[in-house]
Amino acid sequence: MDWSADARPMRLWIKALGNGTMRAWLEQSELEPVIITAEQARRALVAWKYLRTRMRRGEHTDLELATRFRGERTNKDAVLVFALDNGRMTYWRNGEKLKPIPLNLEAVDNLISAWDTVYRAIATA
């Protein structure tokens with residue numbers, strides 16, 4: 001899945017694993033891949049759908065929604081934070097020195113669609 005709202009091409013890879021979890025990582029990124037349980041994936045979907053609804057309505061909110069995933073190599077928690085900023089959903093990993101990555105509505109739609117497909121595969125496993 002390719003996405004970027006600010007001309008930064010990025011490719012997010014999502015893979016269902018055989019043990020009821022999924023793996024997600026950004027191609028060409030130094031960020032550690034994360035392992036996500038079905039419940040964590042469900043919570044992320046709920047948060048993204050909430051923010052997408054606000055984006056479609058043109059609403060503003062100061063609410064930041066966070067979800068916790070496990071780093072694949074380090075086994076440490078990776079907290080991903082999502083918010084709205086100037087009509088775009090932003091994403092950043094807590095503690096990282098990267099600027100928040102803005103996602104436009106099309107990117108959010110694509111993210112939700114791809115994530116939901118993999119989530120359904122692991123939720124029924």
Side-chain angles (χ1 to χ4, degrees):
M1 180 180 86
D2 298 315
W3 46 274
S4 177
D6 65 348
R8 284 191 282 178
M10 306 181 90
R11 178 165 286 173
L12 173 67
W13 291 92
I14 310 166
K15 179 181 180 181
L17 302 175
N19 59 359
T21 62
M22 57 196 251
R23 180 180 190 255
W25 69 99
L26 288 172
E27 186 175 278
Q28 298 180 350
S29 171
E30 294 180 19
L31 295 174
E32 179 180 21
V34 292
I35 302 298
I36 302 124
T37 67
E39 179 57 23
Q40 291 168 326
R42 186 196 64 77
R43 281 184 286 192
L45 276 171
V46 169
W48 297 337
K49 288 176 180 179
Y50 172 84
L51 291 173
R52 179 178 63 182
T53 299
R54 301 295 164 292
M55 289 173 72
R56 284 193 172 133
R57 293 179 183 166
E59 295 176 2
H60 173 75
T61 178
D62 292 333
L63 184 65
E64 294 179 349
L65 302 170
T67 189
R68 187 178 309 267
F69 302 140
R70 179 176 49 85
E72 181 181 53
R73 291 183 299 274
T74 64
N75 208 30
K76 291 183 181 179
D77 285 342
V79 178
L80 294 108
V81 183
F82 301 90
L84 291 183
D85 184 23
N86 293 317
R88 295 183 172 164
M89 185 170 85
T90 57
Y91 147 85
W92 67 95
R93 211 179 266 210
N94 193 32
E96 295 289 340
K97 296 180 181 178
L98 302 173
K99 292 182 180 181
I101 299 168
L103 305 174
N104 63 21
L105 188 55
E106 180 182 3
V108 174
D109 285 341
N110 291 339
L111 171 63
I112 289 171
S113 176
W115 194 272
D116 189 51
T117 299
V118 178
Y119 163 69
R120 289 178 188 277
I122 67 169
T124 58

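- Taken to the nearest 0.5 Å, the CG atom of Asp85 stands 11.5 Å off from the CG atom of Leu103.
- Considering only residues two or more places apart in sequence or on other chains, Glu39 meets the salt bridge (Lys or Arg N to Asp or Glu O under 4.0 Å) condition with Arg42, Arg43.
- Of all heavy-atom pairs between Ile36 and Ala41, the closest is CG2-N, 3.4 Å.
- The aromatic rings of Trp48 and Phe82 stand perpendicular to each other, their planes meeting at an angle above 60°, with 30° marking the opposite boundary.
- We find the CG-CG distance between Asn110 and Asn104 to be 8.5 Å, quoted to the nearest 0.5 Å.
- A search for side-chain contact (heavy atoms from CB on, under 4.5 Å) contacts involving Ala78 returns Val34, Arg93, not counting sequence neighbours.
- In plain terms, the two heavy atoms of Asp77 and Arg68 that are nearest each other are OD2-CD, 3.0 Å.
- Looking at every heavy atom in both residues, Arg88 comes nearest to Pro102 through CD-CB, 4.0 Å.
- Residues passing the side-chain contact (heavy atoms from CB on, under 4.5 Å) test with Arg52 are Lys49, Arg56, Leu105, Val108, Asp109, Ile112, sequence neighbours excluded.
- Not counting sequence neighbours, the partners of Thr74 by the side-chain contact (heavy atoms from CB on, under 4.5 Å) test are Glu32, Lys76.
- Across all their heavy atoms, Val79 and Ala66 have their closest contact at CG1-CB, 3.9 Å.
- Shown here for Glu59 and Arg54, the closest heavy-atom pair between the two residues is OE1-CD, 2.7 Å.
- For Asp62, the side-chain contact (heavy atoms from CB on, under 4.5 Å) partners at least two apart in sequence or on another chain are His60.
- In this view, Arg73 satisfies the salt bridge (Lys or Arg N to Asp or Glu O under 4.0 Å) rule with no residue, not counting sequence neighbours.
- Looking at residues two or more places apart in sequence or on another chain, you find a side-chain hydrogen bond (donor to acceptor under 3.5 Å, both in side chains) between Thr21 and Asn19.
- There is no path of hydrophobic side-chain contacts, each under 4.5 Å, that joins Val46 to Phe69.
- Contacts classified as salt bridge (charged side-chain N to carboxylate O under 4.0 Å, His left out) and involving residues 116-125 (residues at least two apart or in different chains) are given here: Asp116-Arg120.
- To the nearest 0.5 angstrom, Glu64 atom CD is 10.5 Å from Leu84 atom CG.
- Tyr119 pairs by the ring pair (Phe, Tyr, Trp, His ring centres under 6.0 Å) definition with nothing, not counting sequence neighbours.
- Sorted by first and then second residue, the salt bridge (charged side-chain N to carboxylate O under 4.0 Å, His left out) pairs with a member in residues 15-25 read Arg23-Glu72; sequence neighbours excluded.
- Once rounded to the nearest 0.5 Å, the distance linking CD1 of Ile122 with CE of Met22 reads 5.5 Å.
- Taking CD1 of Ile35 as the start and CG of Leu17 as the end, the distance is 5.5 Å to the nearest 0.5 Å.
- Nearest approach of Ala123 to Ala38, heavy atoms of both residues: CA-CB, 4.3 Å.
- Within a 6.0 Å sphere centred on CD of Glu27, other residues, nucleotides and ligands contribute more than 12 heavy atoms.
- Remark: Thr37 pairs with Gln40 by the side-chain hydrogen bond (donor to acceptor under 3.5 Å, both in side chains) rule, at least two apart or across chains.
- Residues passing the side-chain hydrogen bond (donor to acceptor under 3.5 Å, both in side chains) test with Asn75 are Arg70, sequence neighbours excluded.
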